[in-house]
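Because the structure is a prediction, the values reported are computed rather than measured. Quick note: residue numbers are just sequence positions, from 1.
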Amino acid sequence: MDRLEQYRQYIQKILTEWEQKGSMFPDVEAEAIFDRERDRYQLVRVGWKNEENTRVYGCLLHVDIKNGKIWVQHDGGEEAIADRLVELGVPKQDIVVAYHPPSLRQYTAFAVG
């Protein structure tokens with residue numbers, strides 16, 4: 001299996017696991033969204049906090065694959081997806097923590113871009 005396909009499978013595996021964990025609110029769901037054609041992946045929350053009659057919708061996680069690297073665009077989860085990807089075998093130089101400003105990425109343990 002080539003590296004790109006391996007990265008796709010890792011991302012989908014992590015998002016599916018986190019989707020299955022669900023939410024702490026009974027009427028709020030986690031939904032994994034996979035755009036395999038463009039290599040864009042998200043985990044969103046959607047539903048209602050009934051006791052407050054409040055709509056819940058938001059992106060928890062957004063990951064892209066660009067130029068052979070995994071770009072973490074947003075990470076609002078409890079566990080950092082970059083660390084989880086490293087545990088699965090992705091080299092740190094293939095992960096860009098894109099929510100950090102480009103000028104500060106050099107100070108992380110991950111790729112700058």
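- Within the model, atoms NE2 of H62 and CG of L15 stand 10.5 Å from one another, a figure rounded to the nearest 0.5 Å.
- The two residues P91 and Y7 come nearest to each other via the heavy atoms CD-OH, 3.5 Å.
- Rounded to the nearest 0.5 angstrom, K66 NZ and R38 CZ are separated by 14.5 Å.
- Annotation: side chain to side chain contact (heavy atoms under 4.5 Å, CB included) contacts of N67 (sequence neighbours excluded): none.
- Distance check: I11 CD1 to R40 CZ gives 13.0 Å after rounding to the nearest 0.5 Å.
- A continuous path of hydrophobic side-chain contacts links L4 to V90 [ILVMFWY only; heavy atoms under 4.5 Å].
- Considering only residues two or more places apart in sequence or on other chains, Q106 meets the side chain to side chain contact (heavy atoms under 4.5 Å, CB included) condition with V112.
- Other residues sharing the hydrophobic cluster of L104, ordered by chain and number and joined by side-chain separations under 4.5 Å: Y107.
- Between A111 and K69 the shortest heavy-atom distance is CB-NZ, 4.0 Å.
- Proximity of I14 to V63: side-chain heavy atoms (C-beta onward) are nowhere separated by under 4.5 Å.
- With sequence neighbours excluded, the residues forming a salt bridge (Lys or Arg N to Asp or Glu O under 4.0 Å) with D39 are R8, listed by chain and number.
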Please output the side-chain donor-acceptor pairs of residues 75-87 that fall under 3.5 Å, not counting sequence neighbours, one pair per line with the distance.
| unit_1 | atom_1 | unit_2 | atom_2 | d |
| --- | --- | --- | --- | --- |
| D75 | OD1 | G77 | N | 3.1 |
| D75 | OD2 | I81 | N | 2.9 |
| R84 | NH2 | E17 | OE1 | 3.1 |

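- With sequence neighbours left out, P102 forms a side chain to side chain contact (heavy atoms under 4.5 Å, CB included) with R105.
- Taking all atoms of both residues into account, the shortest heavy-atom contact from A98 to Q73 is CB-OE1, 3.4 Å.
- Within the 4.5 Å cutoff, side-chain heavy atoms of I65 are placed close to those of Y41.
- For E19, there are no side chain to side chain donor-acceptor pair (under 3.5 Å) partners, not counting sequence neighbours.
- Remark: R36 engages no residue in a salt bridge (Lys or Arg N to Asp or Glu O under 4.0 Å) (not counting sequence neighbours).
- Chaining together hydrophobic side chains whose heavy atoms lie under 4.5 Å apart places V96 alongside W71.
- Applying the side chain to side chain contact (heavy atoms under 4.5 Å, CB included) criterion to Y57, with sequence neighbours excluded, gives V44, V46.
- Atom CG of D94 and atom CZ of R3 lie 4.5 Å apart (nearest 0.5 Å).
- With sequence neighbours left out, the side chain to side chain donor-acceptor pair (under 3.5 Å) criterion links R45 to no other residue.
- Listed by first then second residue, pairs satisfying side-chain hydrogen bond (donor to acceptor under 3.5 Å, both in side chains) with a partner in residues 24-34 read D27-N50, not counting sequence neighbours.
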